[in-house]
Amino acid sequence: MSQEELLRKRRTFGIISHPDAGKTTLTEKLLLFGGAIQSAGAVKSNKVRKSATSDFMEIEKQRGISVATSVMGFEYNGYKVNILDTPGHKDFAEDTYRTLTAVDSVILVVDCVKGVEEQTRKLMEVCRMRNTPVIVFINKLDREGQDPYDLLEEIEKELNIHTRPMTWPIGVGSTFQGVYNLYDKTLQLFSPNRSKISSDIVAIKELNDGSLDTNIGEKPANKLREDVELIEGVYEPFNEELYLEGYLAPVFFGSAINNFGVQELLDTFVKIAPEPRPRVTEEREILPTEKNFSGFIFKIHANLDPNHRDRIAFCRIVSGKFERNKFYQHTRLDKKLRFSSPTSFMANEKSIVDEAFPGDVVGLYDTGNFKIGDTLTEGEMIHFKGIPSFSPEIFKELVNKDPMKTKQLEKGIQQLTDEGVAQLFTQQPGNIKIIGTVGELQFEVIQFRLLAEYGASCAFRPLGYEKACWFTSDNKAALDKFYTIKRHNIAEDKEGRPVFLADSMWALKMTQDNYPDIQFHFTSEFKTEQSDIRNANAWK
Ligand code: G4P
């Protein structure tokens, strides 16, 4: 198969949702339809339950599960589909954002009872930053949910994306009878708890003919006719180009737990979702069709066995062909590395891969060479962009509780922050180490892992900051003045870039007003001011 043909048949995506909307259930159903698993329950829930804040075994179990389900690949209708798992717990939001840098599109699951929720908003903001194409799956139609028109309006307004229904529900909750496919002009009748069978699908050539009334009853049939007329009047026909540009989200209705609407989703997904896309580096754009291999690390997992320090770095292949046992260039370290057992993971099964192609993800065993965002190539000195750190929201000073283990603590915190567990800032004078995270759970993970894996004990002293922003300025005098006056609120990130630690959003706003020559950035990758503004809004 030619490289073009291979690419045309690859789909790499993520499923995102607010916790409990049905991401795990939908993932599992897609794997069932794809034949990758044989029975429901094979994919463990990747949720860290709320009680996990004090249950480290749960955290460890979670780490095991999330390694196993990091990438789930299967073949469907001649397509190679890769689902990249994203943690559901909000304290791991940054992991999710990073994983979204490695996908080409997403399926967003919305609970029809709850509508758009907090995490839905934040995740979509990240998708909008890179114009990731989005398909919306409105789930749990078997429950008494909101009116579908209201849901679509809420999605459009709150998520800042246009929508186009592809199917339309008939009734909801106790009156839910199925969905009408607006494109195939078929009716899919709902029967709970079973896979679709052919008699559940009824072709309705003409909405006005009586077969609709026979199937769903006169009143619902009339309501559907009105709805379809309204939809066709209000919405433009589905425009694939606008979907691929990330402006228009096709919307499906269904019930994942009941296998309902899942196959339609999958069939349309493989047809319209983008093939592996180009990626930008600091130097140039890399096309997936290029002959030479390139890829980047978007996720690092520590070994589950504390006696072994090695880790698994997940590499998304961007171009060319990745081959086992070949030497590749680690461009940040300017070092050649060879991987003898690159691995793919699938529902608790690991296998060694000999070769992999753009869109695929391989797990590489690592003894400490990798950081999130690193680039591998066949020699070209390029550096992939677009895997920023986001502004954390909780800050604590790292306190060493065992001076005999200072070295271990130092090494441990460096490695854990390379893995992306949290961000590390250093403040002078005194070399104060400040850990910044988006959730409380990370502090417990750090404390636990420092002790278990590095033998170092630490404590955390809460700090009153609410926001960290990277800052830059072309005006040296303004920058010097800012450094002098705000020195108590300034630290450095791991790359030595200056960061302003704001005591509150209000204080940040005041500082921005008082120092107009300083630019404040809400991610470590200073993109356009527009995306910074959107980011700021997303994090409020
Ligand atoms: P998440 O990964 O997005 O957090 O959600 P998950 O799939 O775990 O689903 C959350 C809950 O919603 C689960 O129930 C799941 O069974 C249920 N669910 C998923 N899809 C549907 C649906 O179409 N209809 C209805 N009525 N429920 C659905 P749970 O009680 O929290 O867990 P479990 O004990 O069933 O596993």
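In listed order, ligands and their atoms are each counted from 1.
In this structure, T343 and V362 have side chains that are not in contact, with every pair of non-hydrogen atoms separated by 4.5 Å or more.
Using a 4.0 Å cut-off to heavy atoms of S17, the atoms of ligand 1 that qualify are 3 (O). Near S255, meaning under 4.0 Å from one of its heavy atoms, ligand 1 places the atoms 22 (C), 23 (O), 24 (N). Distances below 4.0 Å separate heavy atoms of A256 from the following atoms of ligand 1: 23 (O). Close approach of ligand 1 to D20 (heavy-atom distance below 4.0 Å) involves ligand atoms 1 (P), 3 (O), 4 (O), 5 (O), 10 (C), 12 (O). Per-residue contacts place P19 under 4.0 angstrom from the following atoms of ligand 1 (heavy atoms of the residue considered): 4 (O). The atoms of ligand 1 that sit less than 4.0 Å from any heavy atom of K23 are 1 (P), 2 (O), 3 (O), 5 (O), 7 (O).
Contacts between L141 and ligand 1, counted as non-hydrogen atom pairs separated by less than 4.0 Å, are absent for every part of the residue. Of the heavy atoms in D142, only side-chain atoms (C-beta onward) come closer than 4.0 Å to ligand 1.
Side chains of T99 and T86: a donor-acceptor N/O pair is absent below 3.5 angstrom, by distance only.
In this structure, the ring of F269 has its center less than 6.0 angstrom from the ring center of F13. Remark: aromatic rings of F395 and F460 are distant, center separation not under 6.0 Å.
For the ring pair (Phe, Tyr, Trp, His ring centres under 6.0 Å) with W168, the qualifying choice from Y149, Y235, Y183 is Y149, the only one to do so.
At least one N/O-N/O distance between T24 and ligand 1 falls below 3.5 Å. The shortest N or O to N or O distance between G22 and ligand 1 is below 3.5 Å.
Annotation: cation-pi pair K396/F443 present, NZ/CZ under 6.0 Å from the ring centroid and within 45° of its normal.
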Determine whether I138 and V109 satisfy the following criterion, side chain to side chain contact (heavy atoms under 4.5 Å, CB included), listing intermediate values before the conclusion. CA-CA 6 Å; I138 299 188; V109 186; over 6 Å; no

